[in-house]
Amino acid sequence: MRKTPKSVFERKFGRRRFLGTTLAGVGAALTAGMPRISLADTKTVKIGMNIPMTGDYAPWGLPGLYGSEIVANNLNAAGGVKIGGDTYMIEMAAYDHGYDTEKSVQGFKKLVLEDDVKMVMMLGGSTVASIVPWAMRKKMLTTTLLPSDITPDTPYLVATCESHPLYNVTGVEWLAEKNPDLKTAVIITTNDIEYGKQSAATYKAAFEVAGIEVLDTNFHGFDVVDFAPIVSSLLAKKPDVFCMATDVYTTPIVEQLFHQGYKGKIVSCTLDGYQDVIAKTSKEFVEGLVFQFPDFDDPKLVGGKINFPDPGGFDASFNKDHAGEWSAVAWEYPSILLNWVEAAQAAGSIEPTAVLEAMKANDSPAHTFGPGKWWGAELWGLDNAVIGDWPVVAINDGRARIQEFRSVYTWCQTNVAELSKQMKDLDLRIA
Amino acid sequence: MLLSLQDVHVHYNKIAALQGISIEVEEGDFVTLIGSNGAGKSTTLRTISGLERPSAGEIRFKNQSLTRLPPDRILKLGVAQVPEGRRVFKDLTVLENLHLGAFTRGDQAAIKSDLESVFGHFPRLLERSQQLAQTLSGGEQQMLSIGRALMSDPILLLLDEPSLGLAPIVVEEIAKILLEINKRGVAIVLVEQNAELALDLAKRGYVLETGNVALQGEASSLARNEHVKTAYLGI
Amino acid sequence: MSKVQLSQIAGIVAMLVGLMVLPNYLKYHHQDFLIFLTINILVVVSYRLMTLTGEWSLIHIVMMGVGAYTSALLSKNLGFPVWISMPMAGVGAGLIAALLCFPLFRMTQFYFLIGSFAVGEAIRLAWIFFVKPFGGSSGVSSIPPPELFAIDFMDPIPYFYLVLAVVTVCLVILYRIENSRIGLTLHAVHWKSSLSESVGVNTWKYRSLAFIVASVFVGIAGALKVHYLGNVTPHQFGVGTMVFVLIWVIVGGYNTFFGPVLGAIVLSILDESLRDLEEYRPAIYGALLIAAIMFMPKGLESVPPSIRAWFKAPATPPPG
Amino acid sequence: MELFFQSVINSFIQGGFFALWAVGLVLVFGVMGVVNFAHGELVMVGAYTVWVLHSQYGIGYIPALCIAVLLVMFIGLLMERFLFRPKQGDPLGGLINSIGVLFILQVAALVVGGTGPAKQVAPPFPGTLIIQEFLRIPNQRLFSIAVAVAALLLLWFFLTKTKLGWSLRAVALDREAAALQGININRTSMIAIGVSGALAGLAGALMAPISNIYPTMGHNVIITAFIVTIVGGIGSLSGAVLAAVLYAFLHTFVTAYFSGTIATMCGLLIMVLVLIVKPTGIMGQKVSE
Amino acid sequence: MALLEIKNVSKRFGGLAALSNVSFAVEQGEIRGLIGPNGAGKSTMFKNIAGFSQPSEGEIVFSGQTISGYRPHTIADLGIVRTFQETTLFQELTVFENALVGCHLQANTNIFSAVLGLDKHKQSRARDKALEVLEFMGLSQRIDQLASELPLGSQRSLAIAIALTSGPKLMLMDEPFAGMNPEETRQMMELTRKVNKSGVTIVLVEHDMKAVMGLCEYITVLNFGTLLTEGTPEEIRHNEAVIEAYLGGSRKH
């Protein structure tokens with residue numbers, strides 16, 4: 001269990017952000033339209049985040065804002081970013097759309113037209129779909145964490161960091177290589193399109209390629225109170241591999257596997273709270289559980305091809321202020337921010353179109369876990385997603401440890417037909 | 001003086017239900033309020049019990065003002081009401097209903113003896129003490145309602161239309177019990193549409209018309225009054 | 001009487017003109033805000049027609065979704081022009097509502113409230129479950145905007161004019177319904193349904209009528225929304241959204257035609273101005289709701305008359 | 001066959017939770033006439049309390065559970081005194097007030113626990129009871145169901161065997177007649193919401209080691225509680241318990257043999273069917289005109 | 001042929017019989033009194049005639065047509081209208097609007113004509129009718145007042161006005177004199193006679209014996225859900241069984 005080091009309450013209430021935003025908000029409520037104070041003589045570039053900070057989707061937004069602020073502060077503290085002869089301070093401008101399409105449109109326009117941001121980072125799904133027509137016309141550089149948002153009509157929408165759900169394939173590939181005797185698998189996932197079904201289709205393709213038969217795929221809603229029935233029904237199929245394709249309910253699902261006496265292998269898309277899982281089951285039970293998201297203090301993330309400065313330090317400073325709030329998006333949004341910095345420096349400009357051009361011009365763009373490739377035309381109709389190596393993580397002795405890096409790109413290039421077939425089977429959009 | 005209402009006004013929204021009623025009840029008295037529907041009889045009882053707030057006027061019971069007291073405090077002072085339409089708790093048993101009548105009391109021994117005396121008045125309730133109140137007949141429910149009120153050991157018992165919808169023979173039975181209760185020293189204020197019955201039972205009577213006291217006096221003299229005869233006795 | 005009407009008409013015309021120039025003076029994202037707010041006004045006013053009969057439903061926003069999906073699928077998949085698919089949205093929502101009358105109006109009051117929620121939720125789950133044609137949880141995207149000459153309806157101002165025109169027409173119709181014989185009968189059904197029946201009012205028919213008409217208009221509102229957003233998802237029409245409609249109507253006040261409108265406008269602006277509070281916004285919003293209910297129990301609509309009364313008070317002696 | 005037995009057990013466990021949620025809602029609605037939309041959030045607060053006290057501060061699970069019960073009860077009492085009592089006779093006002101509380105409590109949870117993945121509490125009763133290789137019940141769930149059943153029995157005892165319990169039922173049946181028996185309506189309302197809050201807190205505390213803990217977890221609670229309440233008949237506690245168990249069986253079996261989405265749809269449609277056949281729920285009585 | 005015929009009507013709630021095998025007939029143009037102690041089944045009889053509940057057995061025939069089992073609005077359409085025991089009005093509407101609601105059957109319109117104003121002629125006729133009835137009932141001075149603000153007597157008149165605007169052949173009046181003082185009673189009696197003279201047959205449930213005896217030519221007495229007797233006021237006044245049942249027998253006490 002990831003315990004908060006000191007009293008959670010003192011910290012939360014003592015946070016400057018809390019007071020600052022409260023005052024700003026009350027001020028805004030009282031004197032709507034009061035001009036914002038800004039530092040006059042420093043050049044500032046604003047990066048927008050149009051994300052959910054309230055409601056059910058907040059965990060996929062807020063930690064990203066926290067992470068981005070850490071990275072931006074680090075860059076600013078180091079003297080800012082030099083772009084085309086100017087030095088810029090980076091400022092994050094965020095808007096809470098609460099995963100509501102209307103507010104997403106409003107927030108996007110506010111960020112672009114009033115805050116004059118040079119890039120808008122978004123989560124993805126319907127909130128992105130609703131801004132696409134306007135954003136594309138405006139030629140606004142927009143990023144998503146769901147590459148499946150990319151269509152032939154979205155030239156200004158890129159997914160440079162998370163390649164959900166493509167990265168899932170490496171874990172299955174690795175597992176099958178290490179355990180050639182695995183024959184069957186079952187998949188459990190949420191019944192939504194963006195996360196659940198995309199991920200299930202990818203996993204199924206990966207299993208097929210690895211020669212493992214998928215016996216059953218269970219799609220459940222977000223209203224599940226108790227996973228016992230679903231897990232019971234899946235275990236009745238006697239699978240060798242139990243695969244969790246979405247991350248929201250991993251802990252209660254693994255807990256059920258543990259109690260229901262499951263003996264086989266477990267694969268998960270993410271397992272952000274794996275310490276909780278261990279606390280609820282046992283170290284032995286989760287030993288060897290495969291997933292895709294490393295801890296940022298993993299020794300294998302130091303040096304080499306990793307394109308994230310000081311992951312360990314980042315991890316530490318995030319946990320200092322936001323213990324227990326870590327999720328994959330905490331580093332994914334900052335990672336996109338870093339991609340932007342790289343591209344802006346290459347372009348020598350902060351203008352969205354120029355930055356995008358520089359991004360796309362780079363044949364081997366920096367991806368968090370090593371050099372990447374632009375990909376996606378075969379699946380979504382446009383090469384606007386960066387995919388590259390992705391770590392295979394497994395739990396060893398109670399810690400998530402990177403086992404090895406594998407190329408998602410290679411897998412996709414070889415097996416895109418199988419992937420397309422599985423996507424089609426689930427009525428998912430493909431080019 | 002046990003109870004006195006002085007110039008009591010009650011309004012529902014904007015409509016005046018009582019327009020200055022003054023009534024007096026002596027200790028051990030048996031008073032009846034008669035009048036047609038809407039004359040304010042029920043409202044008078046409801047106001048005494050604290051279910052309605054008077055907009056003007058004063059209600060005193062044993063030299064204490066009831067005007068601003070909530071129903072539970074008024075009950076504790078010794079004023080119990082048998083509401084119109086009986087209003088027994090249908091999903092509770094007879095015994096539970098009776099115990100709720102003694103809700104404000106703590107003296108278990110006294111409650112027990114009162115329970116016995118209620119069963120003495122109404123032996124049929126004893127037979128049915130474990131049944132749900134909704135299984136009782138109309139007359140039995142009325143008995144339960146009276147018994148429940150008696151369980152609070154009242155000094156003053158207010159009864160709102162106890163004969164409503166009951167067979168004459170049952171009305172007769174209840175009338176007898178009311179006289180018995182009164183003889184034991186409990187003062188009674190009886191609201192009755194059956195003026196004949198009411199004036200026969202009571203010592204004194206008030207005739208209410210549109211929120212006012214139109215006539216008052218000895219029950220026997222009221223029964224002889226020409227106006228009362230034509231208007232309420234249908235003779 | 002005609003004098004009053006004249007000044008009223010003048011007032012309405014002035015307001016419309018004001019509304020037409022308003023977006024030009026707004027910040028860009030507030031133009032969008034204005035569009036959604038105008039659509040939401042149609043949502044609450046049509047909901048009020050439903051509440052006239054005394055029944056509060058939780059299915060209204062789902063009927064909006066029915067309209068939204070109808071228009072989206074007709075225009076995107078079947079190539080209907082938006083000018084046809086939008087009215088068809090109203091027809092679609094009205095038809096579904098007509099079907100639902102049979103089970104729903106066996107219930108009244110609280111049972112109706114929850115029953116309507118269950119039916120609505122079942123419809124919403126069907127959108128999620130049947131990926132063809134509803135697109136599952138991600139819904140339908142790339143819904144075309146309306147086309148007319150060279151007008152660019154992706155630009156907020158022209159679209160606002162379109163919304164303003166449609167919503168104004170709808171509001172006029174709803175206002176006329178409320179102030180017609182039918183509105184009077186709906187009131188009667190609410191307050192004394194047995195008395196209404198005894199003078200020959202078929203209360204079931206009038207309850208159904210109110211539900212169907214409300215659904216038609218909220219369906220149109222749904223269509224207006226999707227052709228601006230370009231996509232529609234089941235998520236938009238969940239009970240969370242419905243709760244906001246309830247809040248607007250109750251806090252605004254439901255005794256007059258304009259109460260819900262006032263509620264929607266004031267609370268939406270409030271909500272938007274609190275957005276800088278980020279994740280703390282709902283708490284402040286919740287506190288303001290409680291304050292509104294405690295201090296304005298008759299709704300925001302009770303405020304203007306009491307201000308007027310306060311100003312007039314010295315001139316006329318108090319009544320009674 | 002294994003799946004069948006396992007599903008029966010799962011149904012009972014789930015039914016216990018459903019009943020705990022619904023009974024509190026019914027009690028408040030019956031006695032006070034208020035639909036407490038924040039009931040799910042009260043459950044959530046119970047779960048968060050256990051998370052903070054037990055997982056963060058290391059206080060024992062049982063004391064943490066007791067504190068959760070008391071804390072949620074206290075929140076309920078505050079709501080009654082300051083939000084529901086002034087709105088007596090205005091159910092819509094009460095409803096909006098409860099929605100206000102819902103928003104506030106969700107943000108409070110976010111402030112306390114932060115965002116990120118759902119919070120988890122390690123089971124204080126680890127291990128699994130294994131019967132004959134075809135039935136496996138985690139000890140934590142065994143504990144939960146035992147406590148839930150005990151709490152429901154205690155409530156049943158309180159309502160049917162004690163004078164205070166009778167007074168609660170009396171107020172629910174006939175407010176005015178109850179007032180005439182000297183029952184203080186305000187005090188009874190306090191008791192009702194106190195018991196309702198305690199049950200919500202208990203449900204939350206029992207759920208904490210079993211399920212995900214996050215600020216909006218009350219959403220499922222309130223929706224399920226509504227379904228159960230309506231199917232059981234508003235104001236009928238035994239109806240609510242019966243409906244909870246039936247609904248849990250339906251949901252569990254359809255989930256186990258078909259799919260979760262279909263299970264939820266089935267639940268909703270069955271609820272509509274029940275209302276069409278008997279518009280006042282299984283055990284409900286006709287609302288008098 | 002009688003206007004209204006009650007043929008062997010019984011009504012049971014659970015095991016309790018509220019009405020058992022009651023038959024009587026009301027002739028066109030009369031004012032009929034229906035009396036009996038509380039719980040005798042008068043209200044149940046009214047409810048059955050007006051369609052708010054259905055008889056368990058037997059038949060109700062109006063103008064030669066069997067109406068038992070019809071919904072209230074259909075029965076109203078056929079020409080039976082009922083007033084309610086307590087003063088039942090649309091309290092939140094004005095006097096005029098109350099009367100307008102009563103005109104439902106003539107002014108009934110569809111939503112399109114309502115919005116487009118195509119029913120103007122119909123509505124203005126309804127308005128005329130409402131005004132005429134209010135005038136007839138002596139309420140024309142109060143048309144803009146809220147119904148809830150009227151004094152009791154006028155509220156009762158309005159209740160009758162609502163009933164009258166629907167143009168009934170038969171009016172069922174449930175305790176119209178309840179709670180009235182003698183002067184109000186006298187005025188109401190006059191109004192009732194006036195309504196009757198205008199061609200409306202009336203069935204009256206009332207406890208005010210003076211009013212009943214004064215208005216009705218013929219009286220039907222119910223007791224315990226059965227027909228006790230029928231007769232002229234004079235006969236009823238001297239019928240021992242009626243005195244026994246209606247006065248609850250407590251005289252001898």
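To find a chain, count down the sequence lines: A is the first, B the second, and so on, and within it residues start at 1.
Contact annotation: the side chain of Phe33(C) never approaches that of Lys110(A) to less than 4.5 Å [non-hydrogen atoms, C-beta and beyond].
The structure places CD of Gln31(C) at 8.5 Å from CG of Leu113(A), a figure rounded to the nearest 0.5 Å. How far CG of Leu229(C) is from OG of Ser130(A): 5.5 Å, rounded to the nearest 0.5 Å. Here the CG-CH2 distance, from Asp155(C) to Trp134(A), works out to 10.0 Å after rounding to the nearest 0.5 Å. Between the OH atom of Tyr99(A) and the OG1 atom of Thr233(C) there is a distance of 8.0 Å, given to the nearest 0.5 Å. Of the inter-residue distances, the one linking Ile128(C) atom CD1 with Asn191(A) atom CG reads 6.0 Å to the nearest 0.5 angstrom. Residue Thr241(C) holds its OG1 atom at 8.0 Å from CD of Glu102(A), rounded to the nearest 0.5 Å.
Other residues, nucleotides and ligands place no more than 12 heavy atoms under 6.0 Å from the CD atom of Glu147(C).
With hydrogens and angles left out, the side-chain atoms of Glu194(A) and Ser138(C) include no donor and acceptor closer than 3.5 Å.
Residues Ile193(A) and Ser137(C) approach most closely at N-OG, 2.6 Å, considering heavy atoms. For His29(C) against Gln106(A), the heavy-atom pair with the smallest separation is CB-O, 3.1 Å. In terms of heavy atoms, Thr101(A) sits closest to Gln236(C) at OG1-NE2, 3.0 Å. In plain terms, the two heavy atoms of Arg281(C) and Asp96(A) that are nearest each other are NH2-OD2, 3.0 Å.
In this structure, chain C has no heavy atom under 4.5 Å from any part of Ala58(A). Interface residue Thr54(A): only side-chain heavy atoms are found under 4.5 Å from chain C. Contact of Asp100(A) with chain C is not made at all, since no heavy-atom distance falls under 4.5 Å. Interface residue Arg137(A): only side-chain heavy atoms are found under 4.5 Å from chain C. Of the two parts of Tyr57(A), only the side chain, counted from C-beta on, holds a non-hydrogen atom closer than 4.5 Å to a non-hydrogen atom of chain C.
Contacts between residues 64-82 of chain C and chain A, counted as heavy-atom pairs separated by less than 4.5 Å, involve no residue at all.
Ranked by heavy-atom pairs under 4.5 Å with chain C, the list Lys197(A), Glu114(A), Arg429(A) is led by Glu114(A).
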